[in-house]
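Below is one structure, written out as structure tokens; the observations come after it.
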Amino acid sequence: MLSQTSLQIAKIRPVPLPKYASLVLASMERAIAYRKSTLLNLAANAVWITALYYFWSAILSEYTIIDGYDWTKMQTYVVVSYGVNALFSLQFELQMFRAIRNGEIALDLIRPYDYQTSHLAKATGAALVDGVFVGATIASVGVFIMDIYLPAPGTAAVFLVSIVLGFLIKFLISYITGLFCFWTVSSMGLVRTRIAVTNLLSGALIPIEFFPSGLQSIAEFSPFPAAVYTPVSIYLGNLAGGDLWTAIGVQVIWVIALWYVARLLWKPAVRVLVVQGG
Amino acid sequence: MHYFLRHTRLYVKLLFLHLRSHLEYNLDFLIGALSSLLGQAASLIFIWAVFSRIPKVQGWTIWEVAFLYGMATIPRGMAEVFMNGSWAMRRLVSSGDFDRLLLRPVPIILQIVTQRFNVTGLTDIAVGASVLGVSASHLGISWNLIDCVFLLVVLVCGMGIIGVVNIATNSLAFWHPDDTGAFQVFVVRFMNLAQYPVTIYGQVLQIFLCWIVPYAFVGYFPALVLLRKNIDHAWLGWFSPVVLIGVSLITSLIWRRGLRHYESAGH
Amino acid sequence: MIEARNLTKVFRVAAKSPGLKGAIKHLVRPRYEVKPAVLGINLHIDEGDSVAYVGPNGAGKSTTVKMLAGVLVPTDGEIRVFGKDPYLNRMENSRDIGVVFGQRTQLWWDLPVQESFRLLADIYDVSSRDFRKNMDELIDLLELGPLLNKAVRHISLGQRMRCEIAAALLHSPRILYLDEPTVGLDVSVKNRLRQFIRQRNLEKGVTVMLTSHDLNDVKDICRRIVMIDRGRIVFDGPLTKIQEAFGGERSVHIDLSEFVEDAVSRAAALLKHLGDVEVTQSEPNRLSIRFDASVISTSAVVGQLLSEFPVKDLKIEETDIESIIRRLYDGELSVDEVR
């Protein structure tokens with residue numbers, strides 16, 4: 001005779017889910033539970049967008065238009081790029097590093113799923129919650145308070161595809177940074193650097209077109225612009241026709257390349273972990 | 001006198017003790033230093049990129065902005081080296097190891113502040129100083145002895161303000177040791193904003209950076225004095241020590257409440 | 001010398017219902033649950049005493065020790081250690097006490113043991129001469145020689161505990177508090193530590209207050225025992241008193257070679273004429289007979305059993321302090337019987 005208790009527990013998940021989907025769901029629940037962190041995350045993003053908003057407002061009130069960016073376009077740029085950037089929250093990374101620090105990672109290693117994919121699942125879950133939350137807030141602020149403009153439906157569709165790809169790239173960059181943390185104790189430093197470099201080179205702080213040409217070339221050879229700048233450019237209509245599909249293609253290539261780099265780094269990373277004893 | 005000497009000696013001893021165990025991890029030090037450098041580079045490139053298109057931002061030239069950046073970064077590094085210990089609060093309180101600090105004949109705050117010694121702070125100091133030096137040479141302002149003393153005092157006060165604010169935010173661990181620490185990081189990140197002229201941010205942020213978490217007094221206001229800027233609120237640049245005292249008083253209140261709470265609630 | 005009067009500690013814990021609604025409700029009208037830990041304890045410990053502080057989990061032992069050490073603020077009552085309140089005179093008091101927490105270390109994890117010692121000497125202002133004298137003595141008695149240049153994280157638990165005790169005694173404190181110092185240690189290490197502490201107490205007059213679940217610790221180290229249950233002291237007196245009251249107890253265990261019906265009642269009836277006996281059956285073919293050996297002759301009991309039962313095997317056991325105390329706070333034996 002099966003008990004009532006086990007029935008009630010089973011009912012929590014009415015339909016058995018494929019394991020990665022289940023992880024996504026769990027991660028979402030967790031993000032909702034950690035309300036305080038999520039709210040702080042929102043606050044942090046709000047602060048940065050506000051800062052950038054006023055920064056560019058000051059500049060553009062003096063100079064009206066730079067390189068084709070007028071105030072409306074710039075506002076849109078800031079809001080959208082920060083929105084896209086916020087999809088992958090710092091909170092999630094911190095969780096990952098804490099798991100390494102206190103040995104929770106050992107659990108992940110003995111479970112029957114691929115660590116990389118499981119991590120992606122968890123990041124996706126967190127992103128869905130954060131994304132909805134942050135995205136909705138930013139969108140409302142942008143549309144109602146600021147002056148941003150919305151794209152045409154066709155562009156919007158491509159934009160969404162590009163966001164997904166960009167998210168994957170950002171995840172992989174962060175994940176690879178995380179793997180480097182297996183070799184060092186000062187993970188906070190690494191993360192902070194990653195954020196600084198990503199913010200700059202992905203165009204979150206300043207449009208890449210504004211970079212001096214030498215730097216622009218360097219940036220374009222890195223995966224960073226593909227994470228944020230490409231989707232934002234699509235939104236703004238900067239990319240059209242052939243350029244558009246090239247950009248998307250570049251994103252896809254980066255996703256595949258980074259995925260395999262991450263896989264390559266995995267074995268040595270685990271070896272370090274096992275030798276150190278966590 | 002003996003009290004002061006003894007505690008200074010203890011401070012130095014405890015601080016450098018952590019340096020020793022730090023240096024055991026050579027690779028770590030290198031990675032930390034490198035990532036610090038990269039982070040700084042990112043900020044500097046940002047400044048460069050902005051000014052490659054625009055000659056002046058709200059009356060600030062590139063070298064003035066760089067000067068301010070250097071002035072704000074040095075205290076940041078100094079705080080990281082000399083006052084970074086408060087970040088250990090969460091761990092100490094939640095594991096109960098904080099009790100051990102109460103069992104020692106040393107003031108608790110001294111023990112807390114010396115919990116860590118972040119050598120990577122030295123990179124920040126080095127970069128900040130270099131940027132300061134380079135931009136100073138491009139500015140063509142003649143400084144005198146008073147300015148030099150002023151600079152030193154202001155740098156130390158800046159370190160104090162940052163360090164004391166960290167103690168205040170980390171004191172929240174007395175009440176919520178199991179929090180993620182996200183709030184403390186959130187507050188620290190405002191220092192990134194304070195590395196640039198505060199006047200470019202809107203009203204709300206300015207008020208925040210001046211009166212709530214007064215990071216503006218770490219670099220911005222003092223820089224106005226040294227840069228001979230003709231802005232009407234430039235006189236606030238002389239007020240860093242006062243701000244430091246104010247922040248310390250508030251922090252000491254928070255700290256004491258927190259300690260009292262910890263001692264009543266155990267853990 | 002350590003004096004606690006009406007010492008009380010009641011914890012206030014926020015009673016929050018889960019979820020967002022609960023969080024808001026708590027902000028508006030905070031409600032607290034009251035969790036009493038220690039209720040009106042009176043304790044007097046003289047210099048040179050060795051006191052065991054025992055009780056079931058959650059009885060209030062750690063709470064009491066923390067209050068005596070000055071780490072926890074009492075809700076009510078008074079504590080005086082060497083005439084001073086340990087909480088208000090935190091730093092002064094800390095010079096007179098050494099504390100060993102079984103689960104936690106006060107040594108610096110990544111540093112060689114000797115560095116920790118030197119650092120502690122600085123923290124406690126130990127003079128160079130005293131430091132060397134104490135170090136020599138402690139290294140010798142606790143055999144710390146080979147451990148000195150090893151980092152704390154590289155030594156075993158037993159080795160660490162020896163260093164831990166040395167660290168606590170480095171500044172020659174007059175009182176030594178030990179909170180579960182022998183948890184997880186193997187028998188030989190436990191013995192060494194017990195001997196050492198006992199010697200410190202007898203030869204140097206260091207006052208020892210020990211909480212432990214291992215009652216052999218208690219037996220080896222302490223002369224006085226204080227029992228606490230649910231926040232109140234239920235017994236405070238010399239260990240010998242307990243031994244006298246229950247020490248004469250003996251148990252005879254017999255294994256039967258074949259099944260005997262109603263074995264318990266038959267044995268009870270058989271032995272009744274000898275006096276007060278307690279017969280129990282722990283397994284189908286095993287009987288245990290408990291009695292006071294100072295009143296009833298052991299050989300008489302054994303003789304009777306052998307003549308009437310098919311005994312395969314026989315064991316005679318003295319009841320030790322450990323099970324006596326356990327039964328005391330299980331309620332099986334009454335504390336009143338001791339007085």
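The chains referred to below are lettered A, B, ... by the order of the sequence lines, with proteins before strands, and numbering in each begins at 1. Computed from a predicted model, the values in this text were never measured in an experiment.
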What verdict does the side-chain contact (heavy atoms from CB on, under 4.5 Å) test give for C:D122 and B:L14, after you've listed the backbone C-alpha separation in whole Å, the side-chain angles of each residue and the deciding distance to 0.1 Å? CA-CA 10 Å; C:D122 280 329; B:L14 287 171; over 6 Å; no
Pair count under 4.5 Å, heavy atoms only, with chain B: among C:G98, C:S94, C:G70, C:S62, highest is C:S94
Interface check, chain B: of C:K9, C:R12, C:E92, most non-hydrogen pairs under 4.5 Å belong to C:K9
Does atom CZ of C:R232 have more than 12 heavy-atom neighbours from other groups under 6.0 Å away? no
Heavy atoms, side chains only, cut-off 4.5 Å: are C:T105 and B:R100 in contact? no
Quick one, B:Q111 and C:I123 - any side-chain contact, counting heavy atoms below 4.5 Å? no
Shortest non-hydrogen separation from [X] to [Y] and the atoms involved:
X	Y	value
B:R104	C:L120	NH2-CD2, 3.6 Å
B:A265	C:L72	C-CD1, 4.4 Å
C:V71	B:E263	O-CG, 3.7 Å
C:R90	B:V106	NH2-O, 2.9 Å
B:P105	C:Y124	CD-CE2, 3.3 Å

Structural part of B:I108 lying under 4.5 Å from a heavy atom of chain C: both
So for B:L103, is it side chain, backbone, both, or neither that comes closer than 4.5 Å to the heavy atoms of chain C? both
Answer with side chain, backbone, both or neither: which region of C:F101 has an atom nearer than 4.5 Å to a non-hydrogen atom of chain B? both
Rounded distance [0.5 Å steps], CG in B:L101 versus CD in C:Q106: 10.5 Å
